[in-house]
**Q** 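I have a structure here, written as structure tokens, and I will follow up with some questions on it.
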Amino acid sequence: EELSIKDRARVRVRSVALSLITFVKVQPHSMEFYEAVRDSGQEVGPLLTQSLARFSALTEDTCVPVEIGEQKHKMQIVELRPEAAVRIIDTDVQHHFQFEVDFE
């Protein structure tokens, strides 16, 4: 469902080597994210680290879900370093959090 692929559709898969992530900048899609962070009593960095740890790779300009308690919030990947597509397995990511809200 998430990939919008129909049953029995032909899919091509390829393997690529990705650089290890050193930096990520994210942007929440709504003000509810900030409220959920405040209400959770946790810091943003650990919340993002926990949510992003479920992924093996990230690409710029994609949307990922961030869970806070029982709620899922959409988070846009704005910038990655050293490249626009990176692997995040087995790394200590430095989170630079961009406090801007996308109201669209």
Side-chain angles (χ1 to χ4, degrees):
E1 287 181 34
E2 292 180 21
L3 297 176
S4 300
I5 298 173
K6 295 181 181 180
D7 287 345
R8 305 179 75 76
R10 189 174 239 168
V11 177
R12 182 178 296 185
V13 178
R14 68 182 179 127
S15 174
V16 295
L18 298 174
S19 298
L20 189 61
I21 190 171
T22 59
F23 174 88
V24 59
K25 183 186 288 188
V26 297
Q27 180 179 17
H29 280 220
S30 70
M31 288 297 296
E32 285 81 21
F33 173 79
Y34 298 109
E35 294 165 2
V37 169
R38 182 194 64 223
D39 294 346
S40 75
Q42 297 181 8
E43 295 291 322
V44 171
L47 286 171
L48 290 174
T49 300
Q50 183 180 14
S51 290
L52 294 178
R54 299 185 340 236
F55 299 94
S56 59
L58 293 173
T59 56
E60 286 182 357
D61 201 32
T62 57
C63 179
V64 296
V66 173
E67 292 185 35
I68 302 175
E70 299 291 319
Q71 300 176 337
K72 286 187 180 180
H73 302 274
K74 292 182 179 178
M75 189 71 59
Q76 194 74 21
I77 304 297
V78 177
E79 182 183 353
L80 294 166
R81 292 184 195 152
E83 299 172 21
V86 294
R87 67 181 166 95
I88 63 173
I89 295 175
D90 301 326
T91 187
D92 182 20
V93 180
Q94 299 171 348
H95 292 282
H96 175 99
F97 194 78
Q98 180 178 349
F99 288 100
E100 294 180 11
V101 178
D102 178 4
F103 288 105
E104 295 298 318

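Just so you know, these numbers come straight off a predicted model, no measurement behind them.
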**Q** Nearest heavy-atom pair of Val86 and Pro82: which atoms, and what distance?
**A** CG1-CD, 4.0 Å
**Q** Mind checking the CG-CD spacing from Leu48 to Glu43? Nearest 0.5 Å is all I need.
**A** 11.0 Å
**Q** Just wondering, are more than 12 heavy atoms of other shown residues or ligands nearer than 6.0 Å to CD in Glu79?
**A** yes
**Q** Evaluate whether atom CD of Gln50 has more than 12 neighbouring non-hydrogen atoms of other residues, nucleotides or ligands under 6.0 angstrom away.
**A** no
**Q** List the atom of Ser40, the atom of Val37, and the distance in Å for their closest heavy-atom pair.
**A** OG-O, 2.8 Å
**Q** Rounded to the nearest 0.5 Å, what separation is found between the CD1 atom of Ile21 and the CG atom of Leu52?
**A** 7.5 Å
**Q** Should Ile77 and Phe55 be counted in the same cluster of Ile, Leu, Val, Met, Phe, Trp and Tyr side chains packed under 4.5 Å apart?
**A** yes
**Q** Check the hydrophobic clustering (I, L, V, M, F, W, Y; side-chain heavy atoms under 4.5 Å; chains of links allowed) and say if Leu18 and Leu58 are grouped together.
**A** no
**Q** I need the Met75 CE to Ser51 OG distance, nearest 0.5 Å.
**A** 8.0 Å
**Q** side-chain hydrogen bond (donor to acceptor under 3.5 Å, both in side chains) between Ser30 and Glu32: does it pass, once the steps are laid out?
**A** CA-CA 5 Å; Ser30 70; Glu32 285 81 21; 2.9 Å; yes
**Q** Between Arg81 and Phe23 (side chain of the first, backbone of the second, donor and acceptor by atom type, cut-off under 3.5 Å), is there such a pair?
**A** no
**Q** Enter the distance from Glu67:CD to Leu47:CG here, rounded to the nearest 0.5 Å.
**A** 11.0 Å
**Q** Does any non-hydrogen side-chain atom of Gln76 lie less than 4.5 Å from one of Asp61?
**A** yes
**Q** Say whether Met31 and Val26 are linked into one hydrophobic cluster, either directly or through other cluster members, by side-chain heavy-atom distances under 4.5 angstrom.
**A** yes
**Q** Can you tell me how far apart NZ (Lys74) and CD (Gln27) are? Round to the nearest 0.5 Å.
**A** 14.0 Å
**Q** Please check if Val16 and Val13 belong to a single hydrophobic cluster, counting links between Ile, Leu, Val, Met, Phe, Trp and Tyr side chain heavy atoms closer than 4.5 Å.
**A** no
**Q** Which heavy atom of Ala36 sits nearest a heavy atom of Ile68, and at what distance?
**A** O-CG2, 3.7 Å
**Q** About how many Å separate OG of Ser19 and CZ of Arg87, when rounded to the nearest 0.5 Å?
**A** 8.0 Å
